[in-house]
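Reading through the structure tokens given below for one structure.
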Protein chains: 2
Amino acid sequence: MRRDIFQAIADPTRRAIITLITLQAMTPNAIADNFHTSRQSVSKHLRILVECELVKQEQQGREIYYSLKVEKMKEIDKWMAQFRKLWETRFNQLDNVLSTIKKQKK
Amino acid sequence: MRRDIFQAIADPTRRAIITLITLQAMTPNAIADNFHTSRQSVSKHLRILVECELVKQEQQGREIYYSLKVEKMKEIDKWMAQFRKLWETRFNQLDNVLSTIKKQKK
DNA sequence: TATAAGCGCAACCGTTTGGTTTCGCAAATT
DNA sequence: AATTTGCGAAACCAAACGGTTGCGCTTATA
């Protein structure tokens, strides 16, 4: 069982759910209404998201509200940082660098 | 066939490959040497990465050098932006906001 | 020219995935 | 008290995934 954040955001439905519950907590039924899928399917996706701690649930009577744990998204951002560095500085003329390296090898 | 960037970076081996070839182009064999996996397996991962245009290949005699297309990584960063906004401003006291919304609903 | 090396591709196989259907439980409604 | 509603969990299924093995092609080396 993989169950990490990168695997969690790999599914487009899951990404849509994440975006949907970013600003306000929602119930599985309410979420499912936004897509062409069943409540059970959404429920399964939510379970995965909860398991890797990207989403938290809060019982409210017989309803369960799901919302995003924004801080957890930082872990993806953290991995992205190494690449952002590359296009934010002038080192993004990567092709030149690579050519140089290859020539040295020969 | 899913074949989008998010699905591409879902696999840990693929993420490692990406990091590995960020700074210098490498051949499948050279990449495989860095992991406990075969050349063919790496080759399959590379094909997926090439298909979603995250990686480019360059023939050099009988060897093929693979390197990252850094700009493509921006697409992930672009999606992340909506969340980065949340923890960069003081709106990251999201819990309070959510509670308010829920109370209004009742 | 024969052999070895580097590679992509297709076939195959066990496992995982995403979805549906069915069930049971607890909270609301009648 | 009986029924409806919102939900999670389990069983099931077709499709996709990640890996291996074997093949054939091309380029380098003997």
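Protein chains get the first letters and strands the later ones, always in sequence-line order, with residue 1 at the start of each. Keep in mind that this is a model prediction, so the values were computed, not measured. Every heavy atom of this structure was used, including side-chain atoms; hydrogens, water molecules and symmetry mates were not.
To the nearest angstrom, C1' of D:dG6 lies 12 Å from CG of A:D33. For the pair A:Q57 CD and D:dG6 P, the computed distance is 18 Å after rounding to whole Å. In this structure, A:L49 atom CG and C:dT17 atom C1' are separated by 14 Å, rounded to whole Å. Rounded to an integer number of Å, the gap from CG of B:D11 to P of C:dT16 is 13 Å. Between the CG atom of A:L46 and the P atom of D:dG6 there is a distance of 16 Å, given to the nearest Å. Rounding to whole angstrom units, OH of residue A:Y65 and C1' of C:dA27 are separated by 14 Å. Going from atom CE of B:M26 over to atom C1' of C:dG6 covers 15 Å, rounded to whole Å.
Within residues 35-42 of chain A, the residues having any heavy atom under 4.0 Å from DNA chain D are, by residue number, A:R39, A:Q40.
Below the 3.5 angstrom threshold, one finds a donor paired with an acceptor across the side chain of A:K44 and the base of C:dG19.
Listed candidates were C:dG6, D:dC17, C:dG18. Nearest to the side chain of B:E63 is C:dG6. Distances from the side chain of B:Q7 to the nucleotides C:dT17, D:dC17, C:dG18 place D:dC17 closest.
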Inset, instruction - Mind running side chain to side chain contact (heavy atoms under 4.5 Å, CB included) on A:R3 and A:I48 for me, showing each step along the way? - result: CA-CA 7 Å; A:R3 222 94 315 172; A:I48 290 171; 3.9 Å; yes
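Legend: residues meeting ring pair (Phe, Tyr, Trp, His ring centres under 6.0 Å) with A:Y66, ordered by chain and number and at least two apart, are absent. Among residues two or more places apart in sequence or in another chain, the salt bridge (charged side-chain N to carboxylate O under 4.0 Å, His left out) test is passed with A:E75 by A:K72. Considering only residues two or more places apart in sequence or on other chains, B:R62 meets the salt bridge (charged side-chain N to carboxylate O under 4.0 Å, His left out) condition with none of them.
Distances shown here put every side-chain N or O of B:N29 at or beyond 4.0 Å from the OP1 or OP2 atom of C:dA5. Side-chain nitrogen and oxygen atoms of A:T27 include at least one within less than 4.0 Å of the OP1 or OP2 phosphate oxygen of D:dC7. When the side-chain nitrogen and oxygen atoms of A:R47 are compared with OP1 and OP2 of D:dC7, none of them lie within a distance under 4.0 Å. Taking only side-chain nitrogens and oxygens, A:S43 never comes nearer than 4.0 Å to OP1 or OP2 of D:dC7. Contact annotation: B:H45 does not reach the phosphate of D:dC17 (side-chain N/O to OP1 or OP2, under 4.0 Å).
The existence of a salt bridge linking A:D11 and A:K44 is excluded, since no basic side-chain nitrogen approaches an acidic carboxylate oxygen closer than 4.0 Å.
For the salt bridge (charged side-chain N to carboxylate O under 4.0 Å, His left out) condition, no pair includes a residue of residues 31-42 of chain A, sequence neighbours left out. Pairs engaging residues 5-44 of chain A under the ring-ring contact (aromatic ring centres under 6.0 Å, His included) rule: A:F6-A:W79 [sequence neighbours left out]. Sorted by first then second residue, the ring-ring contact (aromatic ring centres under 6.0 Å, His included) pairs that include residues 40-63 of chain A, not counting sequence neighbours, number zero. For residues 18-29 of chain A, no residue pair satisfies the salt bridge (charged side-chain N to carboxylate O under 4.0 Å, His left out) rule, not counting sequence neighbours.
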What nitrogen or oxygen pairs link the protein and nucleotides 24-29 of chain D at under 3.5 Å?
from   : atom 1 : to    : atom 2 : distance (Å)
D:dT27 : O2     : B:R62 : NH1    : 3.3

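Between A:Q57 and A:R47 there is no side-chain heavy-atom pair separated by less than 4.5 Å.
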